[in-house]
Amino acid sequence: MFALPLRRTCHVARVIAVRRSVSVSAPNNAEAIEATVLKEVVPPSVLGKIEAAATKPSTSTLPAKAKVPALTSGRRKFVSSRKRTTSTPTPVDPATTTVNTKRRPQISVDKPKNWNRPIAEGVLPAYDEALKLIMRDSEDLSKEARKVGKEIDALEAQAEAEEAQGNTEKFNSILEELESLRKKYHILSVQSQINMPSVRWTVNNAQLDPWNPAHLHLAEQRWRGQGALDLLMERIHQMHVVPDLLPGVHPSLDLHVTVPYPLNKQFKRSMKSGGKSIVGVEPGSFLSPTQTARAPGVWAHAWHSDVRLYTMVMLDPDVPNEETRSFTTYLHWMNHTKYVPPHPQQGTPYHRYTIVLLPQPAKTVYSLNTEAKLFKDLAKHNAERETVGVRISELTTKKAKAKSQGEVKGLTPAEFEELKTLSKQFTTTHAELSVSSPTSWPLPLLKEHTTSQWLDIPVVPDSQRRGFNLRQFIREWGLSGSDDSTLKDIGGSALGGGTSGQSLPGLRAQVNGGKGLGTEENNAVVVGGGVHMFRELWDETVSGVFEVSVAEGRENEEKYALPKKVDRYEDLKGVRKYI
């Protein structure tokens, strides 16, 4: 479809070039040359249209172009036959004038839109053949994936039999084979869809399906390869979050932070035009203290399908320490610790507020076998919940029917106790476990049905917020990331990713300019999780934020100033320089 216009544009350009190369003093020769060139370079179909347009009478009301006079005194004089006239612009009536405010409809998961071919079938045969080739390749890979899936089902049944018989050695051997087959199945599932235009269009237009491995892989590769991760790591190292706060960090998920729009004229204009009141925070950008007076929104794109636990910490490493004449840290927020708004001290440089998601250790090991077992346990739990729900419905229907018939006792004492017990279990031990919203799970079920260990981290009291040692906290609770020698969690699981299959010691050896760190510091290098940071400066609003949220009548706002510079010539001032 696009080749024809390009070819027409090319022909017209050649004709114009020929016209401009012909001398204006020989009109007859120019017309003859132009006719010859047209027959040589222009296809007959296009030439017919040009001739038809030339013979068609003109309907233009514009005056004819002025003729070029003979050259006199070395200068070309142009004489226009049009008279200059001044005209007043026609006023626009707002009542009758319609403004085109139509915009492209937003596309999202809530407002989906299907992919359509850019050109109709048959317009460009090469595109049709390429699309057929992609679909054939996808179908072949899907067949191979289904074949591997059947092998996995057979091995799972065999593993259950060996586990029931107590053959531990045989059972572990089958698990290793299952892990290998599941990696192969995952790769085939991704490769069977990754080249399809509809899949790529869906991911690029914010319609990502978190349960589709190809969607997750494309989204992760976009995060790693199109600048988002590079910008984050650049700001973290450029602003010395590493090594001031952490000796090293290698994120494995995309962490986002949102805050309210700043209360200024731009905010008012945005709200009048229908803009959003919440904005995303770019790593390293400056925010005003009023934007973080309430806890910012924190959400992450995780590239794993199982449910894992992370510990969130928000720190400020730029709090002045008068005793050491240096800086210390201040804990602003943790999962279960009260949020204290940022309040940079007057007279200090900008503060780097850093949010870190620390991965909690696995119960056994993070693997595809562990992930499959989790989904199997969740399916079994939800099936039991359905059975309980059916029994509750039967007892409730029986009770309502007896009441409608005027019976005093619709249920027996045993049935009444059963209904009472099941109704309580339906919201506690048999509550629905949706993988898409694990934060709504009851706490006992969350501890049971996650692949991460549950850590009973105590609440940090207000007296221990200042001077909070993040490195010691990471070492104490084992929050540095995967302990496996072949780091499986970073870089897109079985498909490689950003670390090229490097080992955990290899990643930790990259810090400190490639020299590595000691054993104690290496245990504080975070491999996995997420990180984000923003900056703030003191302004007049900090006093109000501090008084409402921090002081609570017990503390005074800290104010600092640069020390007075010693003037070595102060004694000489006022003394006559010349006698």
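- At a threshold of 4.5 Å between non-hydrogen side-chain atoms, the residues Leu419 and Ile392 count as touching.
- Salt-bridge annotation for Glu384 and Arg391: absent, with no side-chain N of the basic residue lying under 4.0 Å from a carboxylate O of the acidic one.
- Of all the heavy atoms in Arg475 and Ala524, the pair that sits closest is NH1-CB, 3.9 Å.
- Side-chain atoms of Thr311 and Gln360 include a donor-acceptor pair closer than 3.5 Å.
- Between Leu155 and Gln158 there is a side-chain heavy-atom pair separated by less than 4.5 Å.
- In this structure, the side chain of Thr397 engages the main chain of Ser393 through a donor-acceptor pair within 3.5 Å.
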*Show your reasoning for whether side-chain hydrogen bond (donor to acceptor under 3.5 Å, both in side chains) applies to Glu432 and Asn382.*
CA-CA 6 Å; Glu432 182 181 5; Asn382 290 330; over 6 Å; no

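- Residue-environment remark: NZ (Lys424) stays at or below the threshold of 12 foreign heavy atoms within 6.0 Å.
- Proximity of Asn469 to Thr329: side-chain heavy atoms (C-beta onward) are nowhere separated by under 4.5 Å.
- Side-chain N or O atoms of Ser192 include none that pairs as donor or acceptor with a backbone N or O of Ser142 at under 3.5 Å.
- Enclosure of atom CZ in Phe375 by more than 12 non-hydrogen atoms of other residues, nucleotides or ligands within 6.0 angstrom is indicated.
- Salt-bridge check for Glu151 with Lys147: failed, with every basic side-chain N at 4.0 Å or more from each acidic carboxylate O.
- In this structure, the side chains of Leu446 and Pro442 stay at 4.5 Å or more apart for every pair of heavy atoms.
- Note that the NZ atom of Lys111 and the CG atom of Asn205 stand 14.5 Å from one another [nearest 0.5 Å].
- Here the CG-CD distance, from Leu175 to Glu163, works out to 8.0 Å after rounding to the nearest 0.5 Å.
- Interatomic distance, Thr450 OG1 to Leu433 CG, rounded to the nearest 0.5 Å: 11.0 Å.
- The shortest distance between side-chain heavy atoms of His215 and Gln207 does not fall below 4.5 Å.
- Ring pair Tyr310/His304 is parallel by interplanar angle, where below 30° counts as parallel and above 60° as perpendicular.
- Looking only at distances, no side-chain donor or acceptor of Trp477 sits under 3.5 Å from a matching main-chain atom of Asp456.
- Taking the six-membered ring wherever Trp is involved, the centroid distance between the rings of Phe534 and His532 does not fall below 6.0 Å.
- Salt bridge Arg136/Asp140: absent, no basic N to carboxylate O contact under 4.0 Å.
- Inter-residue side-chain proximity for Met334 and Met314 is flagged as unmet; no heavy-atom pair is nearer than 4.5 Å.
- The ring of Tyr339 has its center no closer than 6.0 angstrom to the ring center of His332.
- Taking a 6.0 Å sphere around CG of Asn114, one finds it holds 12 or fewer heavy atoms contributed by other residues, nucleotides or ligands.
- Distance check: Asp244 CG to Leu315 CG gives 12.5 Å after rounding to the nearest 0.5 Å.
- In this structure, His381 and His430 have parallel ring planes: the angle between them is below the 30° cut-off, well short of the 60° mark.
- The line from OG1 of Thr202 to CG of Leu218 is 10.0 Å long, rounded to the nearest 0.5 Å.
- With a 6.0 Å radius and a threshold of 12 heavy atoms from other residues, nucleotides or ligands, Lys363 has its NZ atom above the threshold.
- Surrounding CD of Gln165 are more than 12 heavy atoms belonging to other residues, nucleotides or ligands, all under 6.0 Å away.
- Taking a cutoff of 4.0 Å between a charged side-chain nitrogen and a carboxylate oxygen, Glu176 and Lys170 do not qualify as a salt bridge.
- Rounded to the nearest 0.5 Å, atoms CG (Leu232) and CD (Glu234) are 10.0 Å apart.
- When ring centroids are compared, Phe473 and Phe468 come within the 6.0 Å threshold.
- Residues Leu479 and Leu455 form a side-chain contact, since some pair of their non-hydrogen atoms from C-beta on lies under 4.5 Å apart.
- By the neighbour-count criterion of 12 heavy atoms within 6.0 Å, atom CZ of Arg117 is densely surrounded, having more than that number from other residues, nucleotides or ligands.
- With salt bridges taken as basic N to acidic carboxylate O contacts below 4.0 Å, one links Lys398 and Glu415.
- Salt-bridge check for Asp316 with Arg535: failed, with every basic side-chain N at 4.0 Å or more from each acidic carboxylate O.
- A donor-acceptor contact closer than 3.5 angstrom is absent between the side chains of Glu371 and Thr451.
- Taking a cutoff of 4.0 Å between a charged side-chain nitrogen and a carboxylate oxygen, Arg235 and Glu282 qualify as a salt bridge.
- Side chains of Val531 and Ile355 form no contact here, defined as non-hydrogen atoms less than 4.5 Å apart.
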